[in-house]
Amino acid sequence: MPELPEVETVRRGLAPRLVGVTLESVWTSGKPLRMNHPLDVRGLRRTLGEVAAVERRAKYLILTVAGRSIVVHLGMTGRLEIAPRAAEREPHTHVVWSLSSGADLRYVDVRRFGAVLCAADPAQLPEIELLGEDPLSRRFTPARLAELAAGRKRNAKTFLLDQTRVAGLGNIYVCEALHHARIHPEARVDRLDLSRITALHRAIQDVLRKAVANRGTTLRDYRDSSGQPGENQLTLQAYGREGEPCPRGDGQIRRVVIQGRSTFFCPACQRRS
DNA sequence: CCGGGCCTGCGG
DNA sequence: CCGCAGGCCCGG
């Protein structure tokens, strides 16, 4: 499910209900998550106490708790939600924290592609350390994007999905940003001139900011921390629109597979060079 | 780079 | 039954 805008929406929902609240105890389902990694139950038990901050780094949520951190990645179907303690647990609930506020914080993940990690210093986790530039940060400028793209003999789609360069985009927003910037998903990134890099930079930021304002894209599974779907699916220009007219010209949206992922683009307005 | 795998569910 | 799904990892 979740790319940067969805994770940011979850963060904004959680922060006011977690900061200053104490994680009193934790329960786990016993099932492994991403890559069959068992949950670190002892680490989670050591990471109880008052929540000082709820932050986001790319698609990761970072809860600072009593000087340590809980790091959550939602994979495809993960959800972090606040629920009344008395509410029945949904199937595929894998972690439940009891909060001093009387509610639960619950991690639910049908496909178990997500991760719940803990660490004394999250910056030292390889998952976090290896992340590239956050596209909504001040450091992400057209010049920075040009630097990241220089010398990379990869197509634009693959480049933008690579979390070690620009971190936070996934399949939907890569399709949308490339469409917005009129760049063909198979355009080689080291051959984009500065004006096209600048257009891409702007498209990435515009697409992500709009999606955050719309509280994320819900195609199927995504829900925020209150269980509410987002609204951004109503604004998608290319993703999921195979065969429909391009909203911006006389082309027709096509679907191809790049990097094993469905890729939607308009052959009329998105150019390779 | 590609293909496959992880896991479950849904829709054709 | 088959293909597909907002992510990521690994081996060849």
Side-chain angles (χ1 to χ4, degrees), chain A residues 1-11 29-39 56-61 71-80 90-94 107-117 125-132 135 152-179 185-190 204 207-208 210-212 214-224 228-243 255-264:
Chain A
M1 101 178 134
E3 308 179 32
L4 185 155
E6 290 73 37
V7 178
E8 177 61 19
T9 302
V10 171
R11 189 197 70 74
S29 68
K31 293 229 182 162
L33 298 181
R34 178 196 292 181
M35 299 310 288
N36 252 322
H37 285 343
L39 279 161
R56 179 187 61 73
R57 175 82 177 88
K59 302 178 193 175
Y60 288 84
L61 284 163
V71 176
V72 178
H73 190 286
L74 300 173
M76 290 279 251
T77 54
R79 294 162 46 192
L80 252 192
E90 293 172 65
H92 310 292
T93 299
H94 295 296
Y107 179 75
V108 182
D109 188 351
V110 172
R111 292 173 71 183
R112 286 188 280 125
F113 290 173
V116 179
L117 311 167
L125 286 173
E127 286 86 345
I128 302 295
E129 212 175 359
L130 297 174
L131 290 171
R152 307 241 86 212
K153 302 188 223 289
R154 310 162 72 87
N155 64 54
K157 172 85 191 256
T158 303
F159 172 76
L160 292 176
L161 283 177
D162 178 357
Q163 302 296 301
T164 70
R165 301 282 152 181
V166 180
L169 296 166
N171 204 28
I172 293 179
Y173 298 115
V174 168
C175 289
E176 292 297 298
L178 290 173
H179 181 260
E186 287 171 312
R188 262 183 54 170
V189 123
D190 57 348
I204 289 169
V207 159
L208 293 178
K210 173 168 64 94
V212 170
N214 289 328
R215 306 176 47 78
T217 297
T218 298
L219 296 180
R220 182 197 231 76
D221 300 303
Y222 168 68
R223 296 287 125 94
D224 70 12
Q228 292 301 117
E231 302 287 341
N232 196 62
Q233 61 280 9
L234 302 172
T235 77
L236 299 180
Q237 305 278 294
Y239 187 87
R241 315 198 120 215
E242 182 181 16
R255 174 185 175 274
V256 296
V257 175
I258 301 175
Q259 284 277 110
R261 316 294 303 277
S262 282
T263 301
F264 299 88

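Quick note on labels: first sequence line is chain A, next is B, and so on, each numbered from 1.
- Atom C1' of nucleotide C:dC9 and atom CG of A:Asp162 are separated by 13 Å, given to the nearest angstrom.
- Closest to the side chain of A:Ser262, out of B:dG11, C:dC4, C:dC9, is C:dC4.
- A:Arg261 places its CZ atom 4 Å from the P atom of C:dG7, with the value rounded to the nearest Å.
- Remark: side-chain polar atoms of A:Gln233 are paired, donor with acceptor, to backbone N or O of A:Thr218 under 3.5 angstrom.
- Nucleotide C:dG6 holds its C1' atom 17 Å from the CZ atom of A:Arg215, rounded to whole Å.
- Atom name C1', nucleotides B:dC1 and C:dG6: the rounded distance is 24 Å, in whole Å.
- A:Arg154 has a side-chain polar atom (N or O) that falls below the 4.0 Å cut-off from OP1 or OP2 of B:dC1.
- OP1 or OP2 of C:dC8 has at least one side-chain nitrogen or oxygen of A:Lys59 nearer than 4.0 Å.
- The heavy-atom pair separating A:Glu3 from A:Gly170 by the smallest distance is OE1-N, 2.7 Å.
- The CG atom of A:Asp221 sits 18 Å away from the P atom of C:dC4 (whole-angstrom rounding).
- Within 4.0 Å (heavy atoms only), A:Gly260 reaches no atom of the nucleic acid at all.
- At B:dC6, none of the side-chain N or O atoms of A:Asn36 fall inside 4.0 Å of OP1 or OP2 (strictly under the cut-off).
- Closest non-hydrogen pair, A:Thr9 versus A:Gly216, comes out as OG1-N, 3.9 Å.
- By the criterion of a centre-to-centre distance under 5.5 Å and near-parallel planes under 30°, the ring of A:Phe113 forms no stack with the base of B:dC7.
- A:Glu127 places its CD atom 10 Å from the C1' atom of C:dC8, with the value rounded to the nearest Å.
- Regarding contacts with the backbone of B:dG9, a side-chain N or O of A:His92 is found under 4.0 angstrom from either OP1 or OP2.
- Residue A:Asp109 contributes atom CG, which lies 16 Å from atom P of B:dC6 at whole-angstrom precision.
- Here the closest heavy-atom approach between residue A:Leu169 and residue A:Lys59 is recorded as O-NZ, 3.1 Å.
- In this structure, the OH atom of A:Tyr222 is 20 Å from the P atom of B:dC10, given to the nearest Å.
- Phosphate contact (OP1/OP2 of C:dG6, side-chain N/O of A:Tyr173, threshold under 4.0 Å): absent.
- Going from atom CZ of A:Arg112 over to atom P of B:dT8 covers 5 Å, rounded to whole Å.
- Taking a pair as Watson-Crick or G-U wobble with both distances under 3.5 Å, the runs of three or more consecutive pairs in DNA chain B are B:1-6 with C:7-12, B:8-12 with C:1-5.
- Of the listed residues (A:Tyr107, A:Tyr60, A:Phe113), just one forms a ring-ring contact (aromatic ring centres under 6.0 Å, His included) with A:His73, and that residue is A:Tyr60.
- One N or O on the side chain of A:Arg56 and one on the backbone of A:Ala58 form a donor-acceptor pair closer than 3.5 Å.
- Applying the 90° criterion around 0 to the glycosidic angle, B:dG9 comes out anti.
- Under 3.5 Å, the side chains of A:Thr77 and A:Arg111 contain no donor-acceptor pair of N or O atoms.
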